[in-house]
Amino acid sequence: MHKPEPIYSTAIGAGRALFGLLRVRPTVTGLEHLPATGGAVLAITHFGYLDFALVEWITWRHNHRHIRFMVKKGAFDQPLVGPLLRGMKHISVDMESGGEAYAQAVDALRDGELLGVFPEGGVNASFTVRELKTGAVRMAQAANVPIIPVAVWGGHRLMTKNRRSTLRERVGVPVSIRFGQPIATDAAVGADRNVAVDTVRLHDTLQSLVDAVQAEYPVPGAGAWWQPAHLGGTAPTPEQAAVVEAERRRRKTAEKLTGRK
């Protein structure tokens, strides 16, 4: 029996209402891979800003479990959003010093929580799975829990980076969510080597899941902004997206340095 969490339940209700108004049409596969109890890392693709809400909505609908997401500290500092995030027991991540967040995440996993992470980092504008950070594997390894790979496709058509969709474009969007088979992690052979190997395995698994949901997607994407370049869309290639992202980070760093002077 899961303990009631009024703030989280209210947030889920708001998400359900939003997706209902937008007439989001979810197609979900692999729900049998979601554990009914116990800790697990949900490693989720990150093509759109609402991916977290879509996965939590589907998870709650399936077995009434909550996901504790790792969220950038800046969101916790917001006067309205911060209290909601704390009330939902999400974990604040200071990008300049992530040790405390890492420890909190491992503790949550050991306590039997579902932990939601985006191992690509920020939203990926190429709509392909880029190189992953190792945190998801390291946390799963430290807590001795499995990783559940999750691919979300179509959610980026609702809200994503570098694109402002009209309300009309957002109504009736099909969204595909696929939960993959759990990936067990093992530190017995050597932690450093296994983290690298398991991270590559997670990347390849996520890309395979994305390939599958893209192939089955009910809307043709040739020439569409939301389709990756290798499938005939006009999204930037991974190389082009990486250049734009590097420039964005450079500007952001420069702005921080200027603000400190």
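In this structure, Phe127 has its ring center no closer than 6.0 Å to that of Trp226. Aromatic rings from Tyr8 and His90 are positioned such that their centres are separated by under 6.0 Å.
When hydrophobic clusters are built by joining Ile, Leu, Val, Met, Phe, Trp and Tyr residues whose side-chain heavy atoms come closer than 4.5 Å, directly or via intermediates, Leu22 is grouped together with Trp60.
Under the 4.5 Å side-chain criterion, counting only non-hydrogen atoms from C-beta, Arg16 is in contact with Ile12. Residues Val173 and Val219 are not in side-chain contact: their nearest non-hydrogen atoms beyond the backbone lie 4.5 Å or more apart. Two residues are said to be in side-chain contact when any heavy atoms from C-beta on lie closer than 4.5 Å; Thr27 and Val175 fail this criterion. Between Ser92 and Glu100 the shortest side-chain heavy-atom distance does not fall below 4.5 Å. In this structure, Val71 and Val93 have side chains that are not in contact, with every pair of non-hydrogen atoms separated by 4.5 Å or more. Here the side chains of Arg130 and Pro238 are not in contact, with every heavy-atom distance at 4.5 Å or above.
For the atom pair CZ (Arg178) and CG (Leu31), the distance works out to 11.5 Å, reported to the nearest 0.5 Å. Separating the OG1 atom in Thr10 from the CG atom in Leu84 is a distance of 9.0 Å, to the nearest 0.5 Å. In this structure, OG1 in Thr199 is found 11.5 Å from NZ in Lys133, a value given to the nearest 0.5 Å. Between atom CD1 of residue Ile147 and atom CG of residue Leu115 there is a gap of 10.5 Å, rounded to the nearest 0.5 Å.
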What verdict does the side-chain contact (heavy atoms from CB on, under 4.5 Å) test give for His62 and Phe179, after you've listed the backbone C-alpha separation in whole Å, the side-chain angles of each residue and the deciding distance to 0.1 Å? CA-CA 12 Å; His62 175 62; Phe179 296 84; over 6 Å; no

Decide salt bridge (charged side-chain N to carboxylate O under 4.0 Å, His left out) for Lys161 and Glu245; before the verdict, give the C-alpha distance in whole Å, the side-chain angles of both, and the deciding distance to 0.1 Å. CA-CA 11 Å; Lys161 182 185 290 185; Glu245 181 64 17; 3.0 Å; yes

Determine, step by step, whether Phe19 and Leu50 satisfy the side-chain contact (heavy atoms from CB on, under 4.5 Å) criterion, reporting the C-alpha distance in whole Å, the side-chain angles of both residues, the deciding distance to 0.1 Å, and the verdict. CA-CA 10 Å; Phe19 297 139; Leu50 295 179; 4.3 Å; yes

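In this model, no donor atom of one side chain and acceptor atom of the other lie less than 3.5 Å apart for Arg65 and Thr59. Side-chain N/O atoms of Glu131 and His203 include no donor and acceptor closer than 3.5 Å.
No donor-acceptor distance shorter than 3.5 angstrom exists from the side chain of Gln207 to the backbone of Asp204, with no hydrogens or angles considered. Judged by distance alone, the side chain of Arg163 and the main-chain N or O of His156 form no donor-acceptor pair under 3.5 Å. At least one donor-acceptor pair under 3.5 Å links the side chain of Asp51 to the backbone N or O of Gly48.
Asn144 CG: 12 or fewer foreign heavy atoms inside a 6.0 Å radius.
A pairwise comparison of heavy atoms in Arg68 and Glu113 identifies NE-OE1, 3.2 Å as the closest pair.
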